[in-house]
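Whatever order the structure lists ligands and atoms in, that order sets their numbers, starting from 1. Keep in mind that what you see is a predicted model, and the values were worked out from it rather than measured.
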Amino acid sequence: MSTPEILYMVVPCYNEEEVLHETAKRLKEKYQSLIDRSLISKESRVVFVNDGSKDKTWSIIQELHEADPSFFSGINLAHNSGHQNAVLSGLMTVKDICDMAITMDADLQDDINTIDAMVEKYYEGNQVVYGVRSARDTDTFFKRFTAEGFYKFMKVMGADVVFNHADFRLMSRRVLQELANFKEVNLFLRGMVPLIGFQSCSVFYERAERFAGESKYPLKKMLAFAINGITSFSVKPLKLITSVGGIMSIVSVIAILWSIIAKIGGFSEHGWSSTMCSIWFIGGLQLLALGIIGEYIGKIYSEVKARPRFIVADFINEPGDSPYKEEK
Ligand code: UDP
Ligand code: MG
């Protein structure tokens, strides 16, 4: 193999004070072994992205950086921007200073030992390596059911996502450069990356339980994320409305014919319940249809505003190259 290349890890952190020390320790050990095996360059780094945490997360990142400046770097976002934006801010910050980047959650649910296989696959010529969960034994039944249902539903809705792959993935510098051209504000990275293309493959790992702390993805956020994923990647719901509208029109023609026949036949006075049912049913259907259209209009609204997806307050990195300082 030629000279080892530079690997940057991007780790989004939102209120992760309980796990950061352990995550940092394990990543350091992993990097050391990869460097010893000449798989990655000594210039490789771990970048923690503080996503507007309310706890000590940022000061821990600063401490880690001070103790080991040529290994731990940090990005401090100006406010909480959400997991996807935090990941993107890290990737866009490192895209010109690394050869490959891996994104991983801070809570050690993603198996660090998978990194070896990811890097090896990269050297085999893969530009994207997806980390795929082989089992969900540690998830609750509810989480597993909703999560797997989500992937299946995404497929049905026409969005190309890798089954059981979240945001644990390796991307080459080339892919990061292309990702930078996606200007959308409503981010759904696991739908965007497959769109980029290039040679890719999957590596499998068992997802562990959260090392400490609580999930930052309550059901409400998960639902919002799923709706965002669907409406960002598929217009099928809009087409469904048209189909349902068509079917309803046919049904209504039948209903009209039936009511005329009933009128002529003289047995029409018992129509109250059927009238009430159809009013409620059609009213509900119309509201649902409006809601779906509204989702898309809301999306157009936020896309045309094209607000920045994240705002970096600080970037601590040795030797101190910050792309943000140069731009201003
Ligand atoms: N996270 C973030 N910003 C947020 C919410 C979460 O950066 O607004 C980070 C969080 O610190 C973690 C990762 O995103 O590293 C995934 O979150 P979590 O583990 O809570 O989600 P779950 O695994 O339960 O789906
Ligand atoms: Mg987690």
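Nearest protein neighbour of atom 14 (O) of ligand 1, counting heavy atoms only, is His83 CD2, 3.0 Å. In terms of protein heavy-atom proximity, atom 18 (P) of ligand 1 is closest to Arg210 NH2, 3.4 Å. Taking atom 23 (O) of ligand 1 as the reference point, the nearest protein heavy-atom neighbour is Gln109 OE1, 2.7 Å. Looking at atom 21 (O) of ligand 1, its nearest protein heavy atom turns out to be Tyr217 CD1, 3.3 Å. Atom 12 (C) of ligand 1 has Glu16 OE2, 3.4 Å as its closest protein atom, hydrogens excluded (heavy atom only). Here the protein heavy atom with the shortest distance to atom 25 (O) of ligand 1 is Lys143 NZ, 3.3 Å. Looking at atom 9 (C) of ligand 1, its nearest protein heavy atom turns out to be Pro12 O, 3.9 Å. The protein heavy-atom contact nearest to atom 22 (P) of ligand 1 is Ser215 OG, 3.7 Å.
Taking every heavy atom of Arg207 and a limit of under 4.0 angstrom, the matching atoms of ligand 1 come to 23 (O). Applying the 4.0 Å criterion to heavy atoms of Ala106 picks out, from ligand 1, the atoms 15 (O). Interface atoms of ligand 1 facing Lys221, defined by a heavy-atom separation under 4.0 Å, are 5 (C), 8 (O).
For the residue pair Phe315 and Ile97, the shortest heavy atom distance occurs at CZ-CD1, 4.4 Å. Here the closest non-hydrogen pair linking Arg190 and Pro194 is O-CD, 3.1 Å.
The number of heavy atoms from other shown groups lying within 6.0 Å of CZ (Phe182) is above 12. Heavy-atom neighbours of Glu120 CD from other residues, nucleotides or ligands within 6.0 Å: above the threshold of 12. Within 6.0 Å of the CZ atom in Arg174, the count of heavy atoms belonging to other residues, nucleotides or ligands does not exceed 12. Other residues, nucleotides and ligands contribute over 12 non-hydrogen atoms within 6.0 Å of the CD atom of Glu124.
Of all protein N/O/S atoms, those under 2.8 Å from the Mg ion (ligand 2) are Asp107 OD2, Gln109 OE1, and waters are not counted.
Side chain to side chain, Asp110 and Tyr205 meet the donor-acceptor criterion of an N or O pair below 3.5 Å.
Take Asp314 and apply the side chain to side chain contact (heavy atoms under 4.5 Å, CB included) test, not counting sequence neighbours, and it matches Trp58, Asn76.
Linking Ile, Leu, Val, Met, Phe, Trp and Tyr residues whenever their side-chain heavy atoms come within less than 4.5 Å leaves Tyr14 and Phe168 in two separate clusters.
Under the 6.0 Å distance and 45° angle rule, Lys28 counts as a cation-pi partner of Phe71.
Taking distance alone, with nitrogen or oxygen atoms compared against 3.5 Å, Glu214 stays at or beyond that limit from ligand 1. The distance criterion of under 3.5 Å between nitrogen or oxygen atoms is not met by Ala86 with respect to ligand 1.
With a 4.5 Å cut-off between side-chain heavy atoms of Ile, Leu, Val, Met, Phe, Trp and Tyr, the cluster of Leu238 takes in Val235, Ile241, Leu288, Ile292, Ile293, Tyr296, Ile297. The other members of the hydrophobic cluster of Ile264, by chain and number, are Ile256, Ile260 (side-chain heavy atoms under 4.5 Å, ILVMFWY only).
Aromatic ring orientation, Phe225 versus Phe188: tilted (interplanar angle from 30° to 60°).
The nearest non-hydrogen atom to atom 7 (O) of ligand 1, considering only Asp51, Leu77, Val19, Asn80, comes from Asp51.
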